[in-house]
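Computation of the quantities below employed the complete heavy-atom set of this structure, encompassing side-chain atoms and omitting hydrogens, waters and symmetry-equivalent molecules. Each chain gets a letter, A, B and so on, in the order its sequence line appears, and its residues count up from 1.
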Amino acid sequence: MITVYNTLGRVRQTFEPLEEGRVGMYVCGPTVQSAPHIGHGRCAVAFDVIRRYLTWRGWDVLYVQNITDVDDKIINRAAELGVTTEDLAAEMTERFLTSYRRLGVLDPDVTPAATHHIPEMIELIAGLVRQGLAYASGGDVYFRVRALEGYGKLSGRNVDELRIGARVEPGIDKEDPLDFALWKGAKPGEPSWPSPWGEGRPGWHIECSAMSAKYLGVPFDIHAGGADLIFPHHENEIAQSEGATGGPFARYWLHNGMVNLGGEKLSKSTGHIVDLAEAIETYGGPVIRLFLLRAAYRSPIEYSEASMRDARGSLDRLRSFVRRAPSAGPPDAAALDRFVASMEDDFNTAEALGAVFETVRQGNARLDRGGEAGPLIAAVREITGVLGIDLESAGLEGLAEPLAELAARYEVAAGSAEGMVRRLVAARTAARRSRDWSRADAIRDDMAGAGIVIEDSADGARWYRR
RNA sequence: GGCGACGUGGCCGAGUGGUUAGGCACAGCUCUGCAAAAGCUGCUACACCGGUUCGAUUCCGGUCGUCGCCUCCA
């Protein structure tokens, strides 16, 4: 039985999909205006893990993550750079998807882009206008917030308190400052589409209402995203969708905590950012993924180099363990049970990892005593697989050059990166046999300098990339 | 000001009304040509003040502090 914390209602509750054995999941994706930062990675990883877990548990998950490819920020940024909005969006989309993959995030089943769903959005807006829940004003269309019962139920706000803070842009004719745009009339030179209200483009919130309904149907099971989207984005999605259908929209709302730097949230608009691609380049995808999974997905986490080093140390421990012996037999049942119990408690990956490390210690202790640890290793492999933590890849990308240099220095044949590593390790083993300690140590030190760690053991040398 | 979350040992970070989270770091020992890895041992906590209770880090109230949202944001 899975328990989840539902932002809607702020309660823990049993997760029961609408249809037995099937789960529909919609994750709010990025606005592709600039490159991804660690916070985007956290969101992607958090819900990728949930998807993987549900899948592993035997459920059929339909996973949708959108791309917002039209928006004021994109228009402005493209103008600054002197490129088209399409080109900018396409390039940034690619960068997001590449970084996500390097974090071990599986591709969504559907990755809908807003600009490919304009007709669906127009239809939805037209329906809201017909029902009196929206109105055209100038070339814009606004949602009439006060016309909808229950607005604010997700974020715990009430309309009378909101009134004071609501943003009113000059020159815009809203009936009420709380009302938000469903459709924005185009200014000259802006990308636009024809609509019953004139040329224009969709507001931000409407895309998620339209696309989630299209791919998952309404209502659907899980709607997820960053905690900073609770208000107004998700609140407005609910207003639009429930206004349009008269019934419930998404059943479980899951929100990941923010990634902070120096105690403050990362934010594109302020430039307070840890670039995701750079971090991946520096530490590798698996280290970052482990860093992200060490805390529960709802807690805020602090990015720091010290934390990344910790995460690398932890990853090394896992890798060293599974390299000691092959998996054998079915995965250890006790280890799996602990993993399942942790995950079913609101997908508590931090606790799940605690159980993994205890399994590692048990396994190491058994191996030290000359015993068998096949099932324990199998369990660790199984669990890290579900968590999407890659313990396997040698990851020798980018090392061809330094390895070739070392191959030349120690007079072994050049070739593929992996081949050179093997030959260098063999050369060191030979040096050790002839008790040429200085040569053996030099090879080990130089390899370490290149990022390849060599460890001796009873049954030969093992190596892995740091 | 309103709404929400949170304050755990050197650091990161789970969890619980009375029993070891875990990782990283540190010290000692074992093992090892050296090292690393690994094992064992050690170090050690629940912001503060009240209350409930036989007993609270864990429930309730208050204080202080931090963070998020209230405007675009994963």
Side-chain angles (χ1 to χ4, degrees), chain A residues 7 10 27-31 33 36-47 65 68 71-73 76 96 152 155-158 160-162 164-169 204 224-233 235 255-260 263-270 276 290-291 294-296 298-302 304 306-321 323-324 338 342 345 348-361 363-369 432 435-438 440-441 444-445 448 453-458 461-462 464:
Chain A
T7 305
R10 312 221 176 240
V27 180
C28 271
T31 300
Q33 123 226 352
H37 61 239
I38 289 261
H40 296 106
R42 184 182 198 193
C43 177
V45 166
F47 300 117
Q65 179 173 43
T68 301
D71 150 280
D72 292 350
K73 297 268 157 130
N76 295 340
F96 269 89
S155 54
R157 290 173 161 84
N158 73 63
D160 295 316
E161 281 164 2
L162 276 169
I164 301 147
R167 184 178 65 161
V168 190
E169 286 169 36
W204 176 34
D228 52 353
L229 299 184
I230 294 171
F231 188 90
H233 184 53
E235 196 69 72
H255 291 98
N256 65 277
M258 300 293 97
V259 178
N260 296 327
E264 268 177 48
K265 185 188 140 187
L266 297 180
S267 171
K268 273 194 277 201
S269 54
T270 58
L276 182 56
L290 187 56
F291 160 71
R294 285 194 317 169
R298 291 194 293 121
S299 311
I301 51 174
E302 173 76 20
S304 71
S307 285
M308 302 310 287
R309 281 195 299 271
D310 278 8
R312 179 156 62 192
S314 300
L315 184 68
D316 284 347
R317 183 166 164 81
L318 295 175
R319 284 185 166 161
S320 296
F321 175 60
R323 272 158 220 271
R324 289 190 69 177
R338 289 194 59 183
S342 300
D345 183 14
N348 191 337
T349 53
E351 191 178 76
L353 283 170
V356 169
F357 282 106
E358 282 191 38
T359 306
V360 169
R361 185 181 47 72
N364 274 322
R366 260 186 230 180
L367 289 168
D368 280 1
R369 282 186 255 110
R432 292 184 71 221
R435 309 183 72 79
D436 183 352
W437 307 125
S438 65
D441 292 350
R444 184 174 61 199
D445 292 347
V453 179
I454 300 178
E455 292 170 0
D456 296 320
S457 77
R462 290 190 298 264
Y464 63 91

So, are A/D441 and A/R444 salt-bridged, with charged N and O less than 4.0 Å apart?
yes
Could you check how far CD of A/E235 sits from P of B/U71, rounded to whole Å?
13 Å
Hey, does A/G354 reach any base, or is it just sugar-phosphate, or nothing, if we go heavy atoms under 4.0 Å?
base
Looking for any heavy atom pair under 4.0 Å, which part of the strands does A/V259 touch: base, sugar-phosphate only, or nothing?
base
Taking any strand in view, what nucleotide pairs with B/C59 in a Watson-Crick or G-U wobble way, both distances under 3.5 Å?
B/G51
Tell me whether the side-chain N/O atoms of A/R317 come closer than 4.0 Å to OP1 or OP2 in B/A36.
no
Find the distance between CG (A/D368) and CZ (A/R324) and round it off to the nearest 0.5 Å.
4.5 Å
Toward the 5' end of RNA chain B, which comes first, A/S155 or A/S438, by nearest nucleotide?
A/S155
Choose from B/C34, B/G39, B/A21 the nucleotide whose nearest atom is closest to any side-chain atom of A/R338.
B/A21
In whole Å, measure the gap between the P atoms of B/A25 and B/G65 for me.
36 Å
Run the side chain to side chain contact (heavy atoms under 4.5 Å, CB included) check on A/R298 and A/T7 step by step: do they pass?
CA-CA 10 Å; A/R298 291 194 293 121; A/T7 305; over 6 Å; no
Looking at the side chain of A/R361, which of B/C70, B/A21, B/C40 is the nearest nucleotide?
B/C40
Which part of the nucleic acid, if any, lies within reach of A/G152 when heavy atoms closer than 4.0 Å are counted: base, sugar-phosphate only, or nothing?
nothing
Taking only the C1' atom of each, what is the distance from B/U16 to B/C11 in whole angstrom?
23 Å
Can you tell me which nucleotide in B/A37, B/A14, B/A74 comes closest to the side chain of A/A296?
B/A14
Short side-chain N/O contact to B/C69 OP1/OP2 from A/K265, under 4.0 Å:
yes
Do the side-chain N or O atoms of A/N260 get closer than 4.0 angstrom to the phosphate oxygens (OP1, OP2) of B/C67?
no
Is A/I230 touching bases, backbone alone, or none of the nucleic acid, heavy atoms closer than 4.0 Å?
nothing
note: A/R312, atom CZ; B/A37, atom P; distance rounded to Å ~ 13 Å
What distance, rounded to whole Å, do you find between the two P atoms, one in B/A47 and one in B/U58?
7 Å
Base, sugar-phosphate alone, or nothing: which one does A/S299 contact when heavy atoms must sit under 4.0 Å apart?
sugar-phosphate
Rounded to the nearest 0.5 Å, how far apart are SG of A/C43 and CE of A/M258?
8.0 Å
Please round to the nearest 0.5 Å and tell me the distance separating atom CG of A/D228 and atom NE2 of A/H255.
9.0 Å
Paired with B/C29: which nucleotide, if any, by Watson-Crick or G-U wobble criteria at under 3.5 Å for both distances?
B/G39
Using the C1' atom on both, measure B/G9 against B/G68 and round to a whole Å.
27 Å
Nearest-nucleotide pick for A/D456, side chain only, options being B/A74, B/A38, B/G33:
B/G33
Check whether any side-chain N or O of A/E302 sits under 3.5 Å from a backbone N or O of A/G263 as a donor-acceptor pair, and report yes or no.
yes
Using only heavy-atom distances, decide whether a donor-acceptor pair under 3.5 angstrom links the side-chain of A/R444 to the base of B/C34.
yes
Atom P, compared across B/C60 and B/A74: separation rounded to whole Å
34 Å
OP1 or OP2 of B/G33 under 4.0 Å from side-chain N/O of A/R432:
no
Between B/U71 and B/G2 - C1' atom distance, rounded Å
16 Å
Does A/G39 reach a base, just sugar-phosphate, or nothing at all? Heavy atoms under 4.0 Å.
base
Using Watson-Crick or G-U wobble geometry with both distances below 3.5 Å, tell me the partner of B/G4, or none.
B/C67
Where the side chain of A/K73 is concerned, which of B/C72, B/C70, B/G22 is the nearest nucleotide?
B/C72
Both distances below 3.5 Å, Watson-Crick or wobble geometry, any strand: find the nucleotide opposite B/G22.
B/C12
So that I can tick it off, tell me whether A/R338 and A/E358 are bridged by a salt bridge, with the cut-off set at under 4.0 angstrom between side-chain N and carboxylate O.
yes
Calculate the interatomic distance between A/R157 atom CZ and B/C3 atom P; express it in whole Å.
10 Å
Pick the P atom in B/C54 and in B/U66, then give their distance to the nearest Å.
38 Å
Between A/S457 and B/A38, does any side-chain N or O lie under 4.0 Å from OP1 or OP2?
no
Are A/K268 and B/A74 close enough that a side-chain N or O sits under 4.0 Å from OP1 or OP2?
yes
Is there a side-chain polar atom (N or O) of A/R309 under 4.0 Å from OP1 or OP2 of B/A25?
no
Determine the contact category for A/D441: base if any of its heavy atoms lies under 4.0 Å from a base atom, sugar-phosphate if only primed atoms, P, OP1 or OP2 are that close, otherwise nothing.
base
Rounded off to whole Å, could you give me the CG-to-C1' distance for the A/L315 and B/A37 pair?
15 Å
Report the distance from atom CZ of A/F291 to atom P of B/C24, rounded to the nearest whole Å.
16 Å
Can you check whether A/N348 has a side-chain N or O nearer than 4.0 Å to OP1 or OP2 of B/G15?
yes
Has the side chain of A/R42 got a donor or acceptor atom that lies under 3.5 Å from a matching backbone atom of A/G257?
yes
Consider the side chain of A/D310, meaning its heavy atoms from C-beta on, and name the nucleotide among B/G68, B/C24, B/C34 that approaches it most closely.
B/C24
Tell me what A/H37 touches on the nucleic acid: a base, only sugar-phosphate, or nothing, going by heavy atoms under 4.0 Å.
base
Any base atoms under 4.0 Å from A/I38, or only sugar-phosphate, or nothing? Heavy atoms, all strands.
nothing
State which of B/A74, B/G33, B/G15 makes the closest approach to the side chain of A/E351.
B/G15
A/M308 has an atom CE; how far is it from atom P of B/G13, in whole Å?
13 Å
What's the gap between B/G1 and B/U44 when it is taken at their P atoms, as a whole Å value?
42 Å
Checking all strands, does A/G41 fall into the base, sugar-phosphate, or nothing category for heavy-atom contacts under 4.0 angstrom?
nothing
Main-chain N/O of A/K73 paired with A/Q33 side-chain donor or acceptor, under 3.5 Å:
no
Quick check for you: among B/A14, B/G39, B/A74, whose closest atom lies nearest to any side-chain atom of A/A365?
B/G39
Quickly work out the A/R369 CZ to B/C40 C1' distance and round it to whole Å.
11 Å
Would you mind reading off the distance between A/I301 atom CD1 and B/G13 atom C1', rounded to a whole angstrom?
11 Å
Please round to the nearest 0.5 Å and tell me the distance separating atom CG of A/L353 and atom CZ of A/R294.
9.0 Å
How is A/A227 classified with respect to the nucleic acid when contacts are heavy atoms under 4.0 Å: base, sugar-phosphate, or nothing?
nothing
Judged by nearest nucleotide, the residue sitting upstream toward the 5' end of RNA chain B, A/S307 or A/F357, is A/S307
Consider the side chain of A/E455, meaning its heavy atoms from C-beta on, and name the nucleotide among B/G4, B/A36, B/A74 that approaches it most closely.
B/A36
